[in-house]
Protein chains: 2
Amino acid sequence: MPDPADALSEHAVERLIAYRRHLRQRLMQGCDRIYSHDLAKPEGVTPAQVRRDLMTIGYTGSPARGYDAKGLITHISSLLDARSVGGFALVGVGHLGRAILDYLARQHPEYKVAAFDVNPDKAGGVTHGCRCYMLDEMKQVLTQQSMRVGIVTVPADAAQDAATRLVEAGVCGLLNFAPVRLRVPARVYVENVDIALRLEKVAFFALASRPKETQE
Amino acid sequence: MPDPADALSEHAVERLIAYRRHLRQRLMQGCDRIYSHDLAKPEGVTPAQVRRDLMTIGYTGSPARGYDAKGLITHISSLLDARSVGGFALVGVGHLGRAILDYLARQHPEYKVAAFDVNPDKAGGVTHGCRCYMLDEMKQVLTQQSMRVGIVTVPADAAQDAATRLVEAGVCGLLNFAPVRLRVPARVYVENVDIALRLEKVAFFALASRPKETQE
DNA sequence: GCTATACTGTGAGTGAATTCACAGTGTGAT
DNA sequence: ATCACACTGTGAATTCACTCACAGTATAGC
């Protein structure tokens with residue numbers, strides 16, 4: 001069973017997610033057919049790239065009528081949402097953690113979310129419609145609710161510990177916001193979102209780069 | 001004056017920032033000389049990659065003694081911090097915005113930071129040691145304080161407006177957290193941090209990927 | 001002083017991701 | 001019915017980032 005989804009590169013997946021989001025938006029505006037360049041321009045990629053991506057996932061449009069928005073959304077979703085993640089376990093209920101809990105509660109009420117924090121004042125309470133537990137309760141809670149993705153929003157020095165606990169509790173994917181490289185078993189997928197690094201990066205390119213990108 | 005800094009790719013800059021961070025850490029541990037593999041492993045890159053990067057920026061180590069940590073930090077910094085960003089202007093004082101203000105106040109007290117929000121309750125106040133202004137005051141504040149980088153932490157539907165205002169107020173770099181592609185003049189550098197997308201990406205790879213990455 | 005060693009610096013090679021460019025095709029206009 | 005057009009699907013070309021592999025060299029040990 002050679003699932004085509006396993007052949008997707010990280011970049012390809014990112015683009016597919018972006019396409020889907022854009023398509024949903026278009027659909028709500030009552031636009032049910034879309035051309036590769038309509039999808040490409042706002043996402044900052046070339047039309048050829050879009051066509052190539054859709055080819056890879058085996059979706060076919062029609063010349064002179066483009067792609068069917070609804071069908072394409074369904075097709076992308078069938079690849080991306082094939083396996084259920086169960087829910088998310090977030091460690092570190094600071095500002096960033098709350099921002100994400102907020103987002104999840106608002107945009108994805110269908111997902112189960114559990115929050116964890118060292119601070120006993122936070123634990124036991126309910127933040128943004130989601131129970132907050134003590135760190136020690138993690139394994140128990142996760143096994144029971146079968147959550148497969150962990151979100152690390154603790155300070156750098158607590159990140160490795162949080163990650164280890166999450167992995168031991170059975171997650172197989174981590175979204176790490178701490179500016180640290182997590183050491184985890186190879187089977188666990190780690191996605192790093194290093195905000196501090198990005199901040200420094202913009203600062204650099206804002207002033208160093210001679211315009212090479214084209215937009216607008 | 002062909003500045004070597006202008007030849008750096010986005011990836012290279014990201015790595016250099018990571019190297020520098022790691023070097024500072026090592027230095028604090030009293031380790032003043034470092035080999036390419038010491039720098040590579042924890043950052044998840046190959047030693048060859050490190051050597052190549054340092055070659056590109058024209059830093060030279062010595063066989064059998066490696067690179068001088070302090071000198072390397074200085075060298076990297078001379079490239080990355082060549083031009084002063086002046087400071088940061090953040091729009092959208094929600095949870096995410098506060099998380100970033102927090103970080104900046106704590107880690108980079110040397111930067112000037114101004115916050116902006118539509119909510120008049122927030123405006124006028126002081127959050128994490130940083131004045132919060134009304135949106136309309138932006139142009140005035142920024143011109144006066146010459147801030148060159150904008151941070152967009154508002155909801156998706158307000159992002160384009162925030163970006164436009166920031167650009168008009170003179171920023172030349174944007175760090176955008178809204179899940180939207182900003183339309184700005186080509187001279188402005190935009191760095192997107194799409195947390196929702198990353199979340200979907202982890203969810204996908206957590207369950208789809210057959211281990212290919214090697215860590216630990 | 002001489003030698004073995006473990007590193008650096010780098011030309012060449014590899015592989016992936018993106019773009020080019022064009023043949024094929026369905027649609028709307030005439 | 002025919003034609004012109006603007007799009008898709010895709011092999012080939014290109015670009016880019018990364019890795020290999022080895023020659024060159026400074027140090028530590030003898």
Side-chain angles (χ1 to χ4, degrees), chain A residues 4-19 23 26 31-72 75-76 181 201 205 209 212-215, chain B residues 4-19 23 26 31-72 75-76 201 205 209-210 212-215:
Chain A
D6 288 333
L8 294 173
S9 73
E10 299 211 6
H11 287 266
V13 170
E14 290 182 16
R15 285 192 301 266
L16 288 173
I17 294 170
Y19 297 159
L23 282 164
R26 282 298 180 100
C31 165
D32 58 349
R33 302 212 143 260
I34 197 163
Y35 296 120
S36 61
H37 57 260
D38 296 323
L39 211 41
K41 208 173 42 181
E43 297 304 332
V45 298
T46 63
Q49 178 79 77
V50 173
R51 295 202 298 276
R52 172 77 52 190
D53 284 334
L54 300 196
M55 192 187 99
T56 336
I57 61 168
Y59 192 79
T60 259
S62 107
R65 292 209 304 162
Y67 303 94
D68 175 58
K70 201 154 191 170
L72 183 46
H75 192 90
I76 294 178
R181 212 80 191 183
K201 188 180 163 192
F205 281 107
S209 79
K212 172 192 64 171
E213 346 238 334
T214 36
Q215 296 188 38
Chain B
D6 288 333
L8 294 173
S9 74
E10 299 210 5
H11 287 269
V13 170
E14 290 183 16
R15 284 191 302 265
L16 288 173
I17 294 170
Y19 297 159
L23 282 164
R26 282 298 181 100
C31 164
D32 59 347
R33 301 212 143 260
I34 197 164
Y35 296 119
S36 61
H37 57 260
D38 295 323
L39 211 41
K41 209 173 37 181
E43 296 303 333
V45 298
T46 63
Q49 178 78 76
V50 173
R51 294 201 298 275
R52 172 76 55 189
D53 284 334
L54 300 196
M55 190 187 102
T56 331
I57 63 169
Y59 191 80
T60 259
S62 106
R65 291 210 306 161
Y67 303 95
D68 175 57
K70 200 152 192 170
L72 184 46
H75 192 90
I76 294 179
K201 188 180 164 193
F205 281 108
S209 79
R210 299 286 153 269
K212 174 192 63 173
E213 345 238 336
T214 35
Q215 297 189 38

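These numbers were taken from a predicted model, which means no experiment stands behind them. Scope of the values below: all heavy atoms of this structure, side chains included, with no hydrogens, waters or symmetry mates. Throughout, protein chains are lettered first and strands after them, A, B, ... in sequence-line order, and every chain is numbered starting at 1.
- Contact annotation: side chain of A:Arg52 to base of D:dT10, donor-acceptor pair absent below 3.5 Å.
- Within the model, atoms CG of B:Leu16 and CG of B:Leu8 stand 6.0 Å from one another, a figure rounded to the nearest 0.5 Å.
- Using a distance-only test at 3.5 Å, with no hydrogens or angles considered, no donor-acceptor pair links the side chain of B:His37 to the main chain of B:Ala48.
- Each of B:Tyr59 and A:Ser9 was assigned the nucleotide of DNA chain C with the nearest heavy atom; the assignment lying further toward the 5' end belongs to B:Tyr59.
- Taking 4.0 Å as the cutoff to heavy atoms of chain B, we find the contact window on DNA chain C bounded by C:dC7 to C:dA12.
- The NE2 atom of A:His75 sits 8.5 Å away from atom CG of A:Leu54, with the distance rounded to the nearest 0.5 Å.
- By the side chain to side chain donor-acceptor pair (under 3.5 Å) test, B:Arg15 pairs with B:Asp53, sequence neighbours left out.
- Within a heavy-atom distance below 4.0 Å of DNA chain D, the residues of residues 61-72 of chain B found are B:Pro63, B:Ala64, B:Arg65.
- In this entry the distance linking CZ of A:Arg33 with P of D:dT8 reads 11 Å, nearest Å.
- For A:Glu14, the salt bridge (charged side-chain N to carboxylate O under 4.0 Å, His left out) partners are B:Lys201, not counting sequence neighbours.
- Using a 4.0 Å cutoff on non-hydrogen atoms, the parts of residues 35-51 of chain A near DNA chain D are A:Tyr35, A:Ser36, A:His37, A:Arg51, ordered by number.
- A distance of 8.0 Å separates CG of A:Leu39 from CZ of A:Arg26, quoted to the nearest 0.5 Å.
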Using distance only, find each side-chain donor-acceptor pair of residues 59-69 of chain A under 3.5 Å and give its atom names and separation, not counting sequence neighbours.
residue	atom	partner	partner atom	Å
A:Tyr59	OH	A:Asp68	O	3.3
A:Tyr59	OH	A:Leu72	N	3.3
A:Asp68	OD2	A:Gly71	N	2.8

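- Taking both residues in full, the closest heavy atoms of A:Val50 and A:Ser36 are given as CG2-O, 3.8 Å, listed atom of the first, atom of the second, then distance.
- Closest heavy-atom contact between B:Glu43 and B:Tyr19: CG-CD2, 4.4 Å.
- With rounding to the nearest 0.5 angstrom, the CD1 atom of B:Ile76 is 5.5 Å from the CG atom of B:Leu23.
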